[in-house]
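Notes follow once the structure below has been shown.
Lettering follows sequence order; numbering is per chain, from 1. As the structure is a prediction and not an experimental result, all values here were calculated from the model.
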Amino acid sequence: MDEKYFPEKIEVKWQKHWNETNAFGVERDDRRPPFYCLEMLPYPSGFLHMGHVRNYSIGDALSWFKRLQGFNVLHPIGWDSFGQPAEQAAIKRGIHPRDWTEENIAHMRGQLKRIGISYDWRREIAAHTPEYYKWDQWFFLKMYERGLAYRRESQVNWCPKEETVLSNEQSSGGVCWRCGAIVEKKNIEQWFLRITNYAEQLLEEMKEIEGGWPERVLTMQRNWIGRSKGAYVDFAIKDAETKVRVFTTRIDTIYGATAIVVAAEHPLVASLSEESQLKTDVMQFVERVKASAQKRTNAGDEEIEKEGINTGLIAVNPFSGEAMPVWVANYVLMEYGTGAVMSVPAHDERDFEFAQKYSLPIRRVIERISHEQEVIEHDPSREDQSMAMPHAFTDYGILVNSGDWSGRLSEDAIEEMALFAKARGFGEEAVTYRLRDWGISRQRFWGAPVPIIYCDRCGVVPVPEEDLPVTLPDHAEFTGAGQSPLAGVAEFVNTTCPKCKGAARRETDTMDTFIDSSWYFFRYCDPRNERAPFDKEKIAYWTPVSQYIGGIDHAVMHLLYTRFWTKFMRDIGLVSFNEPVKRLMTQGMVTNLVEGTGEWKRMSKSLGNGVDPDDMIAAYGADAVRLFVLFAAPPENELRWQETGIEGAVRFLRRVYGMIWRWHERLSDALQRRSDPGAEEFSVEARSLRRKTHQTIARITADFEELHFNTSVAALMELSNALGDFQAEPHMASVGDLYAVREALESLVLMLTPFTPHAAEEMWESLGHTGGILSGETRWPQTDEELARKEELEIPVQVNGKLRSRIRATPDTPEDELREAALGDDKIRSFTNGREVVKVIVVPQRLVNIVVR
RNA sequence: GCCGGAGUGGCGAAAUUGGUAUACGCACCAGACUCAAAAUCUGGCGUCCGCAAGGAUAUGGGGGUUCGAGUCCCCCCUCCGGCACCA
């Protein structure tokens, strides 16, 4: 041990030690409890940023803690190495995506090792390797077999900048999740996964993770799935064989329907236009709406002005028999429900706005319950009055003007009217979802090829399992044009049909990279398996993931897909649980001041407020950086980067290191073989130090379970402050003193391990232990409740709830003694003098409150 | 608009879940060491009154429950995040 703390020296030394001893390598071991600590796998952009450092520091702290508690801790890392940036590099610089990706991985791997994150590196995986993406393709085939993967032409979200399709999740808010370009609509043939089959389960089984996942993530997923319970109702079209089906959550308002409104893309419009029954102005309107919908964005735009046109068709309300016009309008979405709605202006804001603009009748059919009597008896001109309403009345209430249904409550009518419709054959109860099927085709090179072959004779033919993987060619031309570069590689495209052996073509689209990340953490459990994605027994031991840590940006995309994937894996018998992740923590972002603005913003190159982890490690050491990152804020909060904060972390480490230096010789030789001192050998100060030690252990152990790292560090600082205040000089210390100091230092060092593993290893060695912290029987320190108990307490005494004095007591001073001591206290007497004591509240070990009048 | 989260010193934040509000750290101020600076160490640090002892006051605002509220209940305000013509 050096006298001074030299992080660069210590860190290299222990990283080498861990590497040589395979310190973090684990295997399935049925005698030990597993703990699976997982951080979201990084995209190999080339450089680690502070967000990564924070993510992995959190995971590493938890991993070390669980490891020291005796768990068999799986802590792996890998690379989400397919995707767009590699292909951009290929287009711009003519470098093959694979070369670019692998160079980046090599560099980032080195960075991770320099931070000293305790990964089992033997389990490292990368999505772009055929050994990995073979299983992406395998899963695709399994879904195809079960009808969960299908191909259809549809309007998709198209990123004009990247020239590729985006899934619904990836174009949330009308902009590309990656580059921020405004998303366009385009019709294209592509592959989908039937995630909507799992909509109900994705919602229902959330119950199992409530409490373990942040509320806001669950809420976002709930909103995204967007379950809505209501009913379908069929409106017949007059003088035609056809009818139009609407979806409504408010069937109770159906007597107030004064029009049917359909989307521009609605089949009714198309079919009638073919028969030339539609007027040309309607046709023109429909084309105009369709065209503007393609350009439409809702990224911060104002609400689009509602527009519509009367088709001249007449629909018939199946409940009332009333006839009403059919309109086409831009505010009805083809993608949701049936693409047709019944317009009830009196009870829906949008319909109200539309009706006002086009002077459609507004008829009130629900009244507020409290005014029920008045309304029915004193308001004969109700219809006229409701014409003047400034807003729609959207609450539940009581039905009026609704034929036989008048007088019913909305809640009851909603159920009964749907049943009635079903009995009469013109409708039924229905549940709709906002969730759409997952479009996974990408017109890109750098992804897993969709394992499908098109044969002129046999049609769509899946690649046989034994022919997997369908590998990417070594050469392709990267032009950036709007189709997959694979289409230009003849030896890839041209193949033989697995069925008829005739000439055939391969699918040239690749799969969304979110497929890679939907199941990667299962692969970590068995990363080199060549016969299956993983061994079932192995994942049964390790999964579900005990704790997952990552950014909030994946709250909907990745975390929804992986839940879906797990449910599918369950259905084909690969796992026996519903949810892949028991506990999720979403870390806050790392921000830095943007120069000249006074604003804290996420670190980024373009804002010039980025901080390079390598620079920080070079300046302060990895341990100090990690300590600061975990101490400065609770993990889910924003972390404001402050270099003075790191300096504080270094100061603390130097202080602790200095204390070890001061004591280590005396402690390691004098106490090594001595049995525990008797109680009488401990001075008051030594007993007090031991108390602090054991209180700290208890506190930190509890904090770790809740991932409260910041308060853990604070507690360690307190313990080190207590050690600093401990007066004895090493050479004069009594046996009791030495024992107490040793206990405090060893506990301090062990509990520092999750935060500053390199420094902890070094100090642990200085205290006379060989082979490293993980060797032998080293364990997280245990609290001795007896020693942690306070010997003497200061009990606050309040008069009428205000603190007025304190009295000394022991933890087992009986209640009445506390009461007498409080009442007898001089200061208290000055407040109670001449007043009547009404009541004395004594909370043992806590406080006394005297109520006077 | 709907849903979720949060408002505590100059700043990041604590508060054993109803019991001493502001732990720990950063910044700042004073002192020691130094020719000086840095580093280090010691002390101070919510606000107001006071030389002090001490007192008053304070957890976004208002009300309530309670012996006692940052914490529980009601109303309001502000900020952050998500979704948004979803019928």
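Contact annotation: Ser228(A) reaches the phosphate of rA87(B) (side-chain N/O to OP1 or OP2, under 4.0 Å). At rC80(B), none of the side-chain N or O atoms of Arg216(A) fall inside 4.0 Å of OP1 or OP2 (strictly under the cut-off). OP1 and OP2 of rU17(B) both lie 4.0 Å or more from every side-chain N or O belonging to Arg846(A).
Annotation: cation-pi geometry not satisfied between Lys306(A) and Phe354(A) (NZ/CZ under 6.0 angstrom from ring centroid, within 45° of ring axis). Relative to the ring axis of Tyr255(A), Arg363(A) does not place its NZ or CZ within 45° and under 6.0 Å from the centre. Taking the centre and axis of the six-membered ring of Trp224(A), the NZ or CZ atom of Arg434(A) falls inside the cone set by 45° and 6.0 Å.
Aromatic ring centres of Phe426(A) and Phe235(A) lie farther apart than the 6.0 Å criterion allows.
Taking the side chain of Arg804(A) as heavy atoms from C-beta on, and the options rA56(B), rC85(B), rG19(B), the nearest nucleotide is rA56(B). Closest to the side chain of Glu215(A), from the set rG19(B), rG4(B), rA14(B), is rG4(B). Out of rG19(B), rC24(B), rA84(B), the shortest distance to the side chain of Arg434(A) is found at rA84(B). Side-chain proximity of Pro796(A) to the nucleotides rA23(B), rG68(B), rU20(B) is greatest for rU20(B). Taking the side chain of Tyr331(A) as heavy atoms from C-beta on, and the options rC85(B), rG19(B), rA27(B), the nearest nucleotide is rC85(B). Listed nucleotides: rG54(B), rU20(B), rC3(B). Nearest to the side chain of Asn223(A): rC3(B). For Thr711(A), whose side chain is taken as the heavy atoms from C-beta onward, the closest listed nucleotide among rA14(B), rU40(B), rG19(B) is rA14(B). Looking at the side chain of Thr219(A), the nearest of the listed nucleotides rC3(B), rU16(B), rC67(B) is rC3(B). Relative to the side chain of Met220(A), the nucleotides rG82(B), rU20(B), rA87(B) differ in distance, and rG82(B) lies closest.
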Distance-only check: which donor-acceptor pairs under 3.5 Å involve side-chain atoms of residues 629-642 of chain A, not counting sequence neighbours?
{"unit_1": "Glu638(A)", "atom_1": "OE2", "unit_2": "Thr591(A)", "atom_2": "OG1", "d": "2.8"}
{"unit_1": "Glu638(A)", "atom_1": "OE2", "unit_2": "Arg640(A)", "atom_2": "NE", "d": "3.3"}

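rG82(B) atom P lies 18 Å from atom CD1 of Ile225(A), rounded to whole Å. Glu3(A) has its CD atom 15 Å from the C1' atom of rA39(B), to the nearest Å. With rounding to whole Å, Asp703(A) atom CG is found 13 Å from rU17(B) atom P. To the nearest angstrom, P of rG4(B) lies 15 Å from CD1 of Ile552(A). In this structure, the CG atom of Asp826(A) is 14 Å from the P atom of rG54(B), given to the nearest Å.
Among the heavy atoms of the strands, none lies under 4.0 Å from Val713(A). Within 4.0 Å of Gly648(A), counting heavy atoms only, lie sugar-phosphate atoms of the nucleic acid but no base atom. If you check every strand for non-hydrogen atoms under 4.0 Å, Arg436(A) touches nothing. Residue Glu647(A) is classed as having no contact, given no heavy-atom separation below 4.0 Å to the nucleic acid. The residue Arg222(A) sits apart from the nucleic acid: no heavy atom pair falls under 4.0 Å. Counting any heavy atom pair closer than 4.0 Å across all strands shown, Val851(A) reaches sugar-phosphate atoms only and no base atom. Nucleic acid contact for Asn710(A): sugar-phosphate only, since backbone atoms but no base atoms lie under 4.0 Å from a heavy atom of the residue. Using a 4.0 Å heavy-atom criterion, one finds that Phe831(A) contacts the sugar-phosphate atoms exclusively.
Shown here, rU78(B) is classed anti by the O4'-C1'-N9-C4 or O4'-C1'-N1-C2 angle, which is more than 90° from 0. Glycosidic torsion of rG9(B) falls within 90° of 0, placing the base in syn.
Between the base of rC85(B) and the side chain of Lys306(A) there is a donor-acceptor pair shorter than 3.5 Å. Remark: the Arg655(A) side chain and the rU40(B) base include no donor-acceptor N/O pair separated by less than 3.5 Å.
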In dot-bracket, 5' to 3', how would RNA chain B read with Watson-Crick or G-U wobble pairs under 3.5 Å, [ ] for crossing ones and | for pairs to another strand? (((((((..(((......[....))).(((((.......))))).((((....))))..(((((..]....))))))))))))....
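Along RNA chain B, the nucleotide closest to Gly801(A) and the one closest to Arg806(A) are compared, and the more 5′ of them pairs with Arg806(A).
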Protein and nucleotides 8-12 of chain B: nitrogen or oxygen contacts under 3.5 angstrom:
{"unit_1": "rG12(B)", "atom_1": "O2'", "unit_2": "Ala632(A)", "atom_2": "O", "d": "2.3"}

Tabulate protein N/O versus nucleotide N/O from nucleotides 57-60 of chain B, keeping only pairs under 3.5 Å, one per line.
{"unit_1": "rU57(B)", "atom_1": "OP2", "unit_2": "Lys802(A)", "atom_2": "NZ", "d": "2.8"}

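For residues 251-260 of chain A, proximity to RNA chain B is found at no residue, defined as any non-hydrogen atom under 4.0 angstrom from a strand atom.
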Under the side-chain contact (heavy atoms from CB on, under 4.5 Å) rule, what do Leu748(A) and Leu723(A) come out as? Steps first, then yes or no, please. CA-CA 10 Å; Leu748(A) 181 59; Leu723(A) 260 161; 3.9 Å; yes
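Among residue pairs with one or both ends in residues 835-845 of chain A, those qualifying as side-chain hydrogen bond (donor to acceptor under 3.5 Å, both in side chains) are Glu836(A)-Arg853(A); sequence neighbours excluded.
For the residue pair Leu435(A) and Ala199(A), the shortest heavy atom distance occurs at CD2-CB, 4.0 Å.
Ring pair Phe704(A)/Phe755(A) is tilted by interplanar angle, where 30° to 60° counts as tilted.
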